[in-house]
Amino acid sequence: MAQGSMAPGIQSGRLSSDDLAENFADLHAPFAPHEAAVAADRCYFCYDAPCIAACPTAIDIPLFIRQIQTDQPHSAAKTIFDQNILGGMCARVCPTETLCEEACVREAAEGKPVEIGRLQRFATDTLMTQDVHPFERAALTGKRVAVVGAGPAGLACAHRLAMHGHDAVIFEARENPGGLNEYGIAAYKTVGGFAEAEVDWLLKIGGITIETSRALGADLTLDALSADYDAVFLSIGLGGVNALRAEGEDKSGVSDAVDFIADLRQASDLSTLPVGRNVVVIGGGMTAVDAAVQSKLLGAENVTIAYRRGRDAMSASRYEQDLAASKGVKLMFNVQPVAVHGNGAAVEVELEYTSTSDGALTGTGETVRLAADQVFKAIGQTLDGAPGGLTLEGGKIAVDGAGRTSLAGIWAGGDCASGGDDLTVTAVAEGRDAAEDIHSTLMKG
Ligand SMILES: Cc1cc2nc3c(=O)[nH]c(=O)nc-3n(C[C@H](O)[C@H](O)[C@H](O)COP(=O)(O)OP(=O)(O)OC[C@H]3O[C@@H](n4cnc5c(N)ncnc54)[C@H](O)[C@@H]3O)c2cc1C
Ligand code: SF4
């Protein structure tokens, strides 16, 4: 009987615990102090720095790099947290190659940017590992705000409200807070229980209560929250998943990539997590890459990402695509699923080649079959369970620039709200900015 990565079907224990520990180690080793000093020295401390403009939370990057360079990592961390209280997580998960580091003048000049993400991690880790919380609350206002969803947007909003002296109660449907930081981000980007530790650290500001296993729509209504609190912030993310619309989608072995990743993130022993021998991931974003790479790291023999358009249209960055390729994931472009074959359980995926003309995608009729005992759908998340009465826009809760929804007293931000680009850092920025608007509204009233 074949063992390990060659075992047929969906099996656990494809790799030894040692191999798994090695595979799921930190994607980028943290900087040692002398490495951080060398990296900081490369910064030109630009006036009107383009890296700041490219950061959704507008961190003063040259300032914090200067603070590292002058051996003040605590001050550097404070500079980061002033703008982005989840700066520790963002240092690990931001696609810096398409944000600050892409904008860095040294990237344009030499093709090698200042390593802003790793420097940010150096600063934030230095302060967080000493268990220091750099903020204090303003005088208490007596105002109470309900925050629905304990992901990056909700946490950032609650923290900023607490800083302004308001009390925030976060209602979270899941057992643990953190949102996709806890249940979605690839395991090798946030090792050592960092997501949980970051929430504990953030709560040290005081004034924030998290009630887990409390879901809006189940035991909570928007009307009741509006009546009981001075304001409500909705940050419920995107809980639904698009359908594949391929014949045989209901066969066993076909599942949502996000659920697989959530199971992986919550597994205490990765050797117990089953994965296919031949895995096909349908999609072209970060979720597709994360599901594919982590399947490979769990010991799947063949892993393919099948994407319906060309490489340049993939929302996963070139860096993420290269990461997948470097782990042995095959990328197929211009193919769309038409059927999953198998007698009850998936055995093969049939893909049709596509062509694009004036942006419109059409199937060519030519198909190819890939062996697939496990098929992951990573074709985008959708808003699930938004309370009635709110105006929607593009399938999300419509908000203005300050995060105000169509209902008075209700704000929204993060992935569930219109605009934005479904990144952790953007969710943090929106949560923070909505908190500022809630604060000024409450102080006027
Ligand atoms: C697999 C995957 C990998 C990703 N990787 C990256 C990455 O590497 N880098 C990056 O920048 N971005 C990444 N993203 C995107 C990023 O995780 C999200 O943009 C970000 O988490 C959005 O934050 P949020 O607070 O809006 O929503 P979420 O993080 O989704 O949090 C929403 C919270 O609301 C809760 N909730 C939902 N419904 C209810 C309800 N009815 N009542 C109460 N609570 C509710 C949920 O349980 C959840 O805790 C990834 C996303 C996925 C899916
Ligand atoms: S653009 Fe690059 S060199 Fe200029 S301040 Fe930002 S990190 Fe430094």
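As the structure lists them, so they are numbered: ligands from 1, and atoms in each ligand from 1.
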From Tyr188 OH over to Asp26 CG, what is the distance, rounded to the nearest 0.5 angstrom?
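Atom-to-atom, Tyr188:OH and Asp26:CG are 12.0 Å apart.
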Closest to [atom] among [options] (heavy-atom distance):
| atom | options | answer |
| --- | --- | --- |
| atom 36 (N) of ligand 1 | Leu234, Val428, Ile236 | Ile236 |
| atom 7 (S) of ligand 2 | Ile116, Asp60, Leu63, Ile52 | Ile116 |
| atom 8 (Fe) of ligand 2 | Cys43, Ala49, Cys55 | Cys43 |
| atom 48 (C) of ligand 1 | Glu320, Glu172, Lys189 | Glu172 |

Residue [X] vicinity, atoms of ligand 1 by number, heavy atom under 4.0 Å:
| X | value |
| --- | --- |
| Gly149 | 33 (C), 34 (O), 35 (C), 44 (N) |
| Asp422 | 15 (C), 19 (O) |
| Gly179 | 29 (O), 31 (O), 48 (C), 49 (O) |

Atom 21 (O) of ligand 1 [closest protein heavy-atom partner, distance rounded to 0.1 Å]:
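For atom 21 (O) of ligand 1, the nearest protein heavy atom comes out as Leu180 CB, 3.4 Å.
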Work out which heavy atom in Glu301 is nearest to a heavy atom in Lys296; give both atom names and the distance.
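Glu301 and Lys296 have their closest heavy atoms at O-NZ, 2.6 Å.
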Any N or O of Asp415 that comes nearer than 3.5 Å to an N or O of ligand 1?
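Yes - when backbone and side-chain N and O of Asp415 are compared with those of ligand 1, one distance drops under 3.5 Å.
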Has Cys46 got an N, O or S atom lying less than 2.8 Å from atom 4 (Fe) of ligand 2?
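Coordinating: yes.
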